[in-house]
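Only one structure is covered here, and it is reproduced in the block below.
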Amino acid sequence: MSTEPSIREIRLQKLAQMRELGHDPFSIEKWERTDTAAGLLEGFEEGKDVSFAGRVVSYRLMGKAGFAHLSDGDARIQIYVRKDEVTELEWSLYDLIDIGDHVGVKGKLFVTKTGEKSIHATEFLPLTKALEPLPLGKEKDGQVFSGLSDVETRYRHRHLDLIANRESRTVLINRAKVVSAVRRYFDSNGYLEVETPLLQLEAGGAAARPFKTHYNAYEMDVKLRISLELYLKRLICGDLPAVYEIGRVFRNEGVSNRHNPEFTMLEFYEAYGNLETMMMRVEECFKSVALAVFGSTVVDITLPTGSVDDEDAATDANQIQLDFGKPWRRVHLLEEIERHTGLSAEDLSTLENAKSALADKLVVNPITGKRIDPSEERNLGGLIEKLLEVFVEPTLQEPTFVVGYPIETSPLAKKDPANPKMTRRFEGYVLGREVCNAFSEINDPIDQRERFEQQLGEREKGDDEAHPMDEEFIYALECGMPPTGGCGIGLDRMAMLLTGSHHIREVLLFPFMRPTAESSPE
RNA sequence: GGGCUUGUAGCUCAGCGGUAGAGCAGCGGCCUUUUAAGCCGUUGGUCGAGGGUUCGAAUCCCUCCGGGCCCA
């Protein structure tokens, strides 16, 4: 047991001293600011009277004068306080300041001997006392020394990350801007933004396990939605011809660099459109978002370290550019599989043919280490998608639409008239990762019922991700849904792509973290 | 779920079988244009948790709890 006071105790003492002097920082409600830090630095006018407030991020006291940097989150500006130019109370308060406190300052703009634009204080007031130390590093020439880098702390205590790490802050703000720009794109193209239920009796629209919860008043179990699809199409059936929703969906799956149990989905549906309409929308949407958030259709991307073996070459080779101003490449799924595996459409015509073509042996992509075990595959569609994932996806670096997905894995997509085993569905890929999933929607209620029944069969065979029956949805189709194109985009993944983030947690303000022993409730 | 890896002071890290360390932060002193301020002095740790091996464990072994990367 130490008798030394902790940092927190010392700061509490300083707070008490401020109160004894007659100033309680927590009693302050407002401080009028004439400018932001960035505004002051940009439109700097020497001698101008200004009022500013910010968090103390550096603090230097030199006897009878002191310097500090104040940050308003976006930018930081230096203040200069002299004992003989402020009141005795103000000087005593300056002495009790710690890094992390919020302070208000009024004064004149001036330039220091070393050329830094600063505020020469005539008034100074603590606005908030930070009781805990902040992991703020020291900064020189834009380089931060011993700041906060522990990723676990960054995710668990995101406010510290936002305070201490400019890059994290920028990425998270850009993620918000991406969502906002997506919304603007659809709003300005005749779409209606809607909200549909999160609590559902049967979670449909995708293949995933739902979270289950209980509704006390009705004494029944309900599920959290896993997609937005079926309700949005019911709106199309209700003659709302272009609708979209941006909303949280929940999938009861593990956490990985691309999965969080809750994530943000965009889905949009357009009556009298097909999958080509959706391709156009995806291209336009990415283009307008890139322009709105990054000011250019060309986005610079840094690939994860380790994707290039040679450390020295890594810096250059890891940098690539993507141009969302150009149309996306369009390829056919079966043709791409044949190109990369040699398996023909004939080989992939039945599950038995496919397994014998693969000699029913474990197949490994030598470059990625990803593998396929044919014996684990129950149907042809699953195997085809696995081939796509293992052998084709890694090759899809440039924005690419892959068209023509197997019917078994596409229970909501129209059949391809040219090949009834395939559907009019595509997925968009960038940098080897899926970014969207779209199709010409089934509007034939008879067909849709058959597809659901096939899914129920899969469910009976043990596939707990198979799609459940939804009678209300089918009833809506029976009342007449126009031909419709629909598309879903995982906005977290879109934000990851555009911000160059390699982990979904980097674009989530508060990613799900397992509780630690200390943080878990008793 | 499997493999590899990681957890040491408020922060960033070193130590890898023989008395727990550094820088920064903190605290005390000096300093009226500093800026990774400086100079002098100084405090601070159940080495993630629990068990084991050992005369002796931060260090080796086992279990558990977090995190990271890869595979599923």
Side-chain angles (χ1 to χ4, degrees), chain A residues 1-14 17 56-71 76-86 91 94-100 107-108 110-121 130-157 160-161 163-165 253-259 304-307 362 364-373 376-377 386 389-390 394 502-506 511-520:
Chain A
M1 270 298 199
S2 165
T3 54
E4 280 296 315
S6 66
I7 291 179
R8 182 190 162 83
E9 285 161 347
I10 289 163
R11 291 189 171 202
L12 279 168
Q13 284 168 17
K14 288 183 178 177
Q17 286 175 56
V56 177
V57 293
S58 79
Y59 177 78
R60 295 174 293 284
L61 183 62
M62 303 165 304
K64 299 189 178 69
F67 287 93
H69 278 96
L70 304 189
S71 163
R76 48 175 61 186
I77 187 164
Q78 183 173 252
I79 64 165
Y80 177 50
V81 184
R82 289 169 64 117
K83 187 180 181 184
D84 58 7
E85 290 176 348
V86 295
W91 183 250
Y94 186 80
D95 194 39
L96 293 169
I97 286 300
D98 287 299
I99 286 176
K108 283 187 194 306
F110 81 115
V111 180
T112 66
K113 274 183 185 169
T114 54
E116 179 161 354
K117 294 167 179 170
S118 308
I119 302 172
H120 197 132
L131 301 181
E132 291 285 343
L134 298 183
L136 276 161
K138 296 201 168 185
E139 215 176 299
K140 188 191 187 184
D141 304 328
Q143 227 191 322
V144 178
F145 298 81
S146 62
L148 175 64
S149 61
D150 182 74
V151 291
E152 192 174 345
T153 308
R154 289 183 45 232
Y155 296 149
R156 286 192 193 279
H157 307 292
L160 297 178
D161 189 31
I163 292 167
N165 291 318
E253 296 162 354
V255 171
S256 81
N257 65 336
R258 264 168 283 172
H259 296 88
T305 48
S307 59
L362 197 76
V364 179
N365 182 326
I367 297 162
T368 60
K370 287 185 182 289
R371 61 189 183 82
I372 303 174
D373 185 350
E376 287 175 359
E377 298 304 326
K386 200 79 191 172
E389 182 188 324
V390 172
H502 307 128
H503 204 298
I504 193 171
R505 284 172 166 172
E506 297 293 341
F512 189 88
M513 298 291 283
R514 274 188 132 99
T516 57
E518 298 86 57
S519 65
S520 65

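Here is how names work: the chains are called A, B, and so on, in the same order as the sequence lines, proteins then strands, and each is numbered from 1.
Positionally, the nearest nucleotide of RNA chain B for Tyr155(A) lies more toward the 5' end than for the other of Gly369(A) and Tyr155(A).
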Under 4.0 Å protein heavy-atom contact, by nucleotide of nucleotides 1-12 of chain B - B base, S sugar-phosphate only: ----------SS
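Rounded to a whole angstrom, the distance from the C1' atom of rC47(B) to that of rA9(B) is 10 Å. When the C1' atom is used for both rU6(B) and rA49(B), the distance is 16 Å, rounded to whole Å. Here the separation of rU43(B) from rA22(B), taken at their P atoms, is 10 Å to the nearest Å.
For the side-chain hydrogen bond (donor to acceptor under 3.5 Å, both in side chains) test, residues two or more places apart in sequence or in another chain that qualify with Glu116(A) are His69(A). For the side chain to side chain contact (heavy atoms under 4.5 Å, CB included) test, residues two or more places apart in sequence or in another chain that qualify with Leu61(A) are Tyr59(A), Trp91(A), Tyr94(A), Asp95(A). By the side-chain hydrogen bond (donor to acceptor under 3.5 Å, both in side chains) test, Thr153(A) is found to be paired with Asp150(A), residues two or more places apart in sequence or in another chain being considered.
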Strand RNA chain B as a dot-bracket string - pairs counted if Watson-Crick or G-U with both distances under 3.5 Å, | where the partner lies in another strand: (((((((..((((....[..)))).(((((.......))))).....(((((..]....)))))))))))).
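Residue Arg8(A) is classed as having no contact, given no heavy-atom separation below 4.0 Å to the nucleic acid.
Distances shorter than 4.0 Å separate some side-chain N or O of Lys138(A) from OP1 or OP2 on rA37(B).
A salt bridge does not link Glu132(A) to Arg11(A): none of the charged side-chain nitrogens sits closer than 4.0 Å to a carboxylate oxygen.
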Using nucleotides 27-31 of chain B, report all nitrogen or oxygen pairs with the protein that are shorter than 3.5 Å.
{"from": "rC27(B)", "atom 1": "OP1", "to": "Lys14(A)", "atom 2": "NZ", "distance (Å)": "2.4"}
{"from": "rC31(B)", "atom 1": "N3", "to": "Gly63(A)", "atom 2": "N", "distance (Å)": "3.3"}
{"from": "rC31(B)", "atom 1": "N4", "to": "Gly63(A)", "atom 2": "N", "distance (Å)": "3.3"}

